[in-house]
Amino acid sequence: MDTLKRLNELKDILNKASEAYYVNDNPIMEDYEYDMLMNELIKIEEEYPELKTIDSPTNRIGGEVLKSFKKVKHNSKMASLADAFNFDELIDFDNKIRAITPDATYICELKIDGLSVSLKYDNGILILGATRGNGLVGEDITHNVKTIKSIPLKLKEALTLEVRGEIYMPKASFHKLNLEREENEEELFANPRNAAAGSVRQLDSSIAAKRNLDAFLYYYMDDKIKYQEEALIKMKDLGFKVNPLYRLCKNINEVIDYINEMGQKRPNLEYDIDGIVIKVNEIDKHSLIGETAKYPKWAIAYKFPPEEVLTTLNEITFQVGRSGVITPVANFKPVFVQGSLIQRATLHNEDYIKQKNISVGDIIVVHKAGDIIPEVVRVHDKINNLPFEMIKNCPCCGSKLIKFEDSVDYYCSNIDCSEKKINQIIHFASKPAYNIDSLGDKLCELLFNLGYIKNIVDIFRLKEHYDDLIKIDGLGEKSVNYLLDMIEKSKQNNLDQLLFGLGIKHIGAKVSKLICQKYKNIDNIINAKLEDISNIPDVGEKIAFELINFMSKEENINLINELKLFGLNMEYNMGDIKENFFTNKKCVITGTLSFVTRNDAKKFIESSGGKVIESVSKNTDLLILGENPGSKYDKAKALGIRIMEEAEFKEKFEE
């Protein structure tokens, strides 16, 4: 049959082109030619659907939509690895290995910062892709795995097997995705790992298909394989993408040399790595070396220290906060730091700049504080010796700045400063505060400039301007209806979200919750006494003074009364405490959690009667460990505090 012959011919050509491009990084045809052949195959399959097979390249386009993820029980545990943070810990690891098997060699592989995946094939055909989950049970993500072009739908041999590896998002794909999300006023992904995790957990496979995910495979589950290096070669021969930068090392000194070399190359890689995985190459020695309840003893992950990058300080600009505080901001030549492109960082205040002797034109060192917040660490090369001078007038309205005796900050003195008002509205609507979905920063600014929102109360008047709003470029009926629905829904938010949203100095989300837990409703808070507020644990006199000061002003009471008239909830709902593992425990979260935001993790722990604290001490009961943890992890280990890995936390969260 000519049609069947052409269909098989197209499949063969496209599969070879995909392997050349996505696996071997050696394109054999132009993108346009590939697209034309793919379109031809799509048309044949549409006309003759009975000819479409499970290994067709068109399955990579996506389109399958699931109602929920199925659970998958792994045949053997997908274990995580113990971490080493310095070379002394690696030498200790080596000594333990040598005591059992003196002639061991090591395979060193790049630790890809992505999401672990298990792939199963039956007679050479991909039948299952699953996440690691808690190590014993994962989620079926086959529909999304099929969209990843470097993962073969059909192997070069008709084998039944399981391989494991890491799904990741290349830096270029991550940058492109965040640009698109920024244009659409969607929340940006913090780093490529979060973006990859969010993509493979989409119920709609067409979304994953657009994200340009990739995968490296590193574990071939076959008892006949004797060496890890042999496993890597075998997987490559079968058509899997294997990272070519692995190295066989005879001893720990060669391992350390490899780590130093890869540490230098790390910034120029097309993907994120956060360390090096060291495995005993001789697989038959693994059972002899053994494992703990959590980790194999024959492998370890060396974690790179926080990445510091050099760049040039181009300019210092100034932002006006919602309270009028003026914050200097470093604007520097864009650089990649731990997987994301950054070009700005706060310089906090005048004293901070002078202490670090920072001037425009200097070569500066930047990193991510806590692996999240961009920060200027120090000056590397002093290029400009002109001392920094603080501005005298507000960069927005031109009003004279004021500085209080007990403060390091300067403030705009104009209560009508438009930048202050815009930031008050943005803060109120933001996710940590009143959490009005779809009312993002750019839309707040647009509606302010068009005159529809001049203060917080105006948010709840927007429905009066419906006919005008639907005519605004980029909105339309669907967007406006959704926005108004979200505003209406937000009125049921708990009182602590409202209190935080009011933007009272020093009163953040945690303190708002503590105050609301004590006083139960807004009227009690308005009438509260300084001494009583000061006695609330973790509040104190300074915060109490700011609350009393805010509630003493007529304009603020009028604001609260207007919000009452619009039906906003003014009561604090404690909710039912669901007693579980976290009840009465003091918990610290460090690093990035892939499956849940830090805020939602905190809410879960607090709803269980636990408490989330910021710093590790001897009184801490539990450290919850995400990816790229900071110094809190080292301190917790030193104090012998129980450490819960993300997989275990996720299991308890889902229970």
Side-chain angles (χ1 to χ4, degrees), residues 74-113 116 118-119 132 135 157 159 161-166 216-238 240-266 269 273-305 634 637 645:
H74 298 303
N75 292 338
S76 63
K77 185 178 180 181
M78 289 185 72
S80 54
L81 298 177
D83 292 329
F85 294 93
N86 55 60
F87 293 151
D88 286 342
E89 291 179 346
L90 284 186
I91 291 168
D92 183 53
F93 165 78
D94 178 60
N95 288 336
K96 290 174 182 175
I97 296 295
R98 300 278 169 215
I100 298 169
T101 173
D103 299 326
T105 58
Y106 297 113
I107 280 287
C108 294
E109 302 169 61
L110 302 186
K111 187 174 183 296
I112 308 300
D113 199 8
S116 296
S118 163
L119 305 176
R132 180 170 72 180
E157 297 179 38
L159 299 176
L161 56 83
E162 179 182 356
V163 292
R164 292 173 178 177
E166 201 84 0
F216 284 122
L217 281 301
Y218 52 74
Y219 185 26
Y220 184 24
M221 299 183 67
D222 185 345
D223 294 338
K224 296 173 186 172
I225 298 286
K226 294 184 177 179
Y227 301 97
Q228 173 63 12
E229 186 179 28
E230 180 189 354
L232 296 173
I233 293 168
K234 178 65 175 175
M235 285 189 288
K236 190 173 188 305
D237 290 344
L238 288 171
F240 292 108
K241 186 172 184 178
V242 172
N243 193 295
L245 296 178
Y246 70 84
R247 183 173 298 171
L248 177 64
C249 297
K250 296 190 182 84
N251 53 55
I252 201 66
N253 291 329
E254 290 187 8
V255 170
I256 291 171
D257 289 343
Y258 174 81
I259 289 170
N260 287 328
E261 181 185 332
M262 290 303 122
Q264 294 293 319
K265 291 181 177 179
R266 181 186 180 195
L269 296 173
I273 63 171
D274 58 357
I276 302 294
V277 174
I278 302 105
K279 302 173 185 171
V280 171
N281 186 40
E282 294 79 14
I283 293 174
D284 63 340
K285 303 295 185 187
H286 290 183
S287 58
L288 183 64
I289 298 166
E291 57 185 47
T292 69
K294 294 176 71 175
Y295 309 118
K297 293 181 181 179
W298 44 265
I300 197 166
Y302 174 83
K303 301 293 284 288
F304 287 123
D634 293 332
K637 279 175 70 177
E645 289 200 17

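None of these values were measured; they are calculated from a predicted model.
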Determine whether [X] and [Y] make a side-chain contact, defined as any pair of heavy atoms from C-beta on separated by less than 4.5 Å.
X	Y	value
Tyr302	Met262	no
Ile97	Tyr106	yes
Ile107	Leu232	yes
Ile100	Leu288	yes
Ile273	Ile112	yes
Lys77	Pro296	no
Tyr295	Ile300	no
Val163	Leu238	no

Discussion item. Are there over 12 heavy-atom neighbours, none belonging to Tyr227, within less than 6.0 Å of that residue's OH?
Written reply: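 No.
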Item to complete: Look at atom CG of Asp223 and say whether more than 12 heavy atoms of other residues, nucleotides or ligands are closer to it than 6.0 Å.
Response: no
Worksheet item: Pairs in or reaching into residues 275-286: which pass side chain to side chain donor-acceptor pair (under 3.5 Å), with residues at least two apart or in two chains?
Response: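 Residue pairs passing side chain to side chain donor-acceptor pair (under 3.5 Å), neighbours aside: Thr105-Glu282, Glu109-Lys279.
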So, taking the atom named [atom1] in [X] and the one named [atom2] in [Y], what distance separates them when rounded to the nearest 0.5 Å?
X	Y	atom1	atom2	result
Phe93	Trp298	CZ	CH2	9.5 Å
Lys111	Ile278	NZ	CD1	11.0 Å
Met235	Tyr219	CE	OH	10.5 Å
Asp634	Lys637	CG	NZ	6.5 Å
Asp274	Arg266	CG	CZ	7.0 Å
Lys303	Ile259	NZ	CD1	13.0 Å

Could you pull out the closest heavy-atom pair between [X] and [Y], with the gap in Å?
X	Y	value
Tyr258	Cys249	CB-SG, 4.4 Å
Gly263	Phe304	CA-CE2, 3.8 Å
Ser116	Glu166	OG-OE1, 3.3 Å
Leu217	Gly165	CD1-N, 3.6 Å

Worksheet item: Are the charged groups of Glu230 and Lys234 less than 4.0 angstrom apart, N to O?
Response: no
Discussion item. For a side chain to side chain contact (heavy atoms under 4.5 Å, CB included) check, start with the C-alpha distance between Asn243 and Tyr218, then their side-chain angles and the critical distance, and finish with the verdict.
Written reply: CA-CA 8 Å; Asn243 193 295; Tyr218 52 74; over 6 Å; no
Item to complete: Keeping to residues at least two apart or across chains, list the salt bridge (Lys or Arg N to Asp or Glu O under 4.0 Å) pairs with something in residues 96-108.
Response: Asp92-Lys96, Asp94-Arg98
Discussion item. Main chain of Arg132, side chain of His74: is a donor-acceptor contact present, judged purely on distance under 3.5 Å?
Written reply: yes
Worksheet item: Yes or no on side chain to side chain contact (heavy atoms under 4.5 Å, CB included) for Leu159 and Asp222, after CA distance, side-chain angles and deciding distance?
Response: CA-CA 11 Å; Leu159 299 176; Asp222 185 345; over 6 Å; no
Worksheet item: Run the side chain to side chain contact (heavy atoms under 4.5 Å, CB included) check on Phe87 and Asn253 step by step: do they pass?
Response: CA-CA 10 Å; Phe87 293 151; Asn253 291 329; over 6 Å; no
